[in-house]
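Step one of this worksheet: look at the structure below.
It should be emphasised that the depicted structure is a prediction, and the values quoted were computed from it without experimental measurement.
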Amino acid sequence: MRGSRRLTGWWRRRSLRTRLTVIAATAIAVSVFAAFQVASELLAWELQNSAEDQLRADSRVLAANAERAGLAQAQLPPYSGSGRLVRVILPDGSVRTPVGQPALPPVSEHAGRVARGASADLMESGDIDDDGYLIYTLRVGDGAIQVARVADDSPINGFGMGMLLIGLLCVVGGALVGRTVARTGLAPIDRLTAAAVRVAHTRDLDADIPDEGGGEIRLLSQSINDMLAALRDSRRAQRLLAEDAAHELKTPLTSMRLNVELLIRLDRRGTLDSALSAESRTRLLDDLGAQVAELSTLAAELTDLARGDVSDESTEMLDLADVVAAAATRARSRVPEIEVALDVTSVWVSGRPAGLERAVLNLIDNAGKWSPADQPVQVRLRAEGPSAVLEVDDAGPGIDAADVPRVFDRFYRADSARALPGSGLGLSIVQRVVDAHGGRVTVARSARGGALLRVDLPRRSTVVPPHSRE
């Protein structure tokens, strides 16, 4: 088990090129071995059939001579030192062999039965020391004639040696071919790897990976380029967010710094009470408090915006009317002078409650800045076909046509809104939340002359018990 794990670990540490080379060489080696085994069996079978046919032919010639002259007087061919061996089995069981011929294995019981007439012929093998014999026994008269050959394995051995040499050459050639194929096939991946490493070292996301090859290689190239494009967009968005944040933070920080420096300088001189009246100090402290609140709001909205669509909050089925009612309650608690008029019906959607509530709250806050004191912010929620439609309108001056295309841009504030509190991020966060929920947010002019912001979200069909709304 440990050896298997070591082998597995070693294999996993090898490069893909090495693996392909080993696989190609192994496949060729297995193929050559299988071919050798099959070819050896076929060759041995063919040689044995040829030898048996030769023994049968030789025995028939000897049998013809023995029938004419008799087994005891038939002339046996002299032994030439190699080749076939001959033996005559006489009726009394004795044997005759040519002079000088090596001894054959003793007559077997089956061969004796042939000599006695129990069987016509017999092909058998016998061994003496390390020599193997193929012996054919043919009944002749009252006895039998045996013709034998020493089993010759040299053709098979020579064939095996040749196949071994060929196999080794094939394995080496296969390894070289596998290495070449692996190098050629993986060349596009090597170039992709080098380009990716270069991008990682230089951090140059504008350097696209070359699109080459076909099939999976092209898909890989396109995927890497798509990833680089997404990284470029992300880095550009981060840079713009940082630049916009620095610009927006500069004004309140500068104002706060000047006010604080004024207070410190007067305090150090001991002229704080004489230089500033009680009314001036109150106004200065109120300005500082407003600036701190503005910075806190800006920091919170920047945090929400920087998170993008990443949220730990899970998506759930919820009644959007509950979300709108909760947002209206928060808006009233934050700015008591805002009057919110709700006209909502139960509409179910799939979404993140906190994100949707923040979007609705931003819409109400934005409308509250513009609505006159005697005109409420009207919030309407209804089902309209496949959508849940939320409308928030005010009775303010409305949004100029020139500002409509940029109203959802980050940090954008119309000229008429620069004197009002805010960071210019509220409607941008609304658009991000709505987009994340697969919806759409638009702006138009309301019937009261102010701004009408409309949110369309995909509606879900869910039956719930009826309950009262505010």
Working to the nearest 0.5 Å, report the span between CZ of R460 and CG of L320.
12.5 Å
Point-to-point distance, once rounded to the nearest 0.5 Å, from CD of E357 to CG of D322:
10.5 Å
Do V140 and E67 come within less than 4.5 Å of each other through their side chains, counting heavy atoms only?
yes
Side chain of Q101, backbone of V86: donor and acceptor closer than 3.5 Å?
yes
When you compare the side chain of L390 with that of L457, does any pair of heavy atoms fall below 4.5 Å?
no
Check whether any side-chain heavy atom of L47 lies under 4.5 Å from a side-chain heavy atom of N49, and answer yes or no.
no
Taking atom CD of Q146 and atom CD1 of I135, what is their separation to the nearest 0.5 Å?
6.0 Å
Could you go through E316 and R352, starting from their C-alpha distance and side-chain angles, then the distance that decides it, and tell me whether this counts as salt bridge (Lys or Arg N to Asp or Glu O under 4.0 Å)?
CA-CA 6 Å; E316 60 184 70; R352 300 183 176 94; over 6 Å; no
Can you tell me how far OG1 of T442 sits from CG of L452, rounded to the nearest 0.5 angstrom?
7.5 Å
Modelled atom types, side-chain donor and acceptor of Q378 and R380, under 3.5 Å:
yes
May I ask you to say whether E391 pairs ionically with R382, meaning some side-chain N is under 4.0 Å from a carboxylate O?
yes
Take atom CG in D53; do more than 12 heavy atoms of anything else shown fall under 6.0 Å from it?
yes
Neighbour count >12 (heavy atoms, 6.0 Å) for atom CZ, R56:
yes
Once rounded to the nearest 0.5 Å, what's the spacing between atom CZ of R330 and atom CG of L361?
5.0 Å
Quick check: do L318 and L356 have side-chain heavy atoms less than 4.5 Å from each other?
yes
Which heavy atom of A331 sits nearest to which heavy atom of D365, and what is that distance?
CB-OD1, 4.1 Å
With a 4.0 Å cut-off on N to O distance, would you call R454 and E384 a salt bridge?
yes
Short side-chain donor-acceptor distance under 3.5 Å, E41 and Q37
no
Hits for side-chain contact (heavy atoms from CB on, under 4.5 Å) against D226, two or more places apart or cross-chain, chain-then-number order -> none
Output yes when a side-chain donor or acceptor of T345 lies under 3.5 Å from a complementary backbone atom of L381, and no otherwise.
yes
Check whether any side-chain heavy atom of L104 lies under 4.5 Å from a side-chain heavy atom of Y133, and answer yes or no.
yes
Between D319 (side chain) and V347 (backbone), is there a donor-acceptor pair under 3.5 Å?
yes
Any V379 side-chain heavy atom under 4.5 Å of V324 side chain:
yes
Determine yes or no for a side-chain-to-main-chain donor-acceptor pair under 3.5 angstrom, with S31 supplying the side chain and A27 the backbone.
yes
Mind checking side-chain contact (heavy atoms from CB on, under 4.5 Å) for S119 and listing every partner two or more places apart, or none if nothing turns up?
V114
Can you confirm whether V340 sits close enough to I364 that some side-chain heavy atom of one is under 4.5 Å from a side-chain heavy atom of the other?
yes
Will you find, in the side chains of E124 and S108, an N or O donor that is under 3.5 Å from an N or O acceptor?
yes
Going from CD on Q48 to CG on L55, what distance comes out if it is rounded to the nearest 0.5 angstrom?
10.0 Å
Between the side chain of S50 and the main-chain N/O of E46, is any donor-acceptor distance below 3.5 Å?
no
Can you list every salt bridge (Lys or Arg N to Asp or Glu O under 4.0 Å) pair that touches residues 78-99, not counting sequence neighbours?
D58-R84
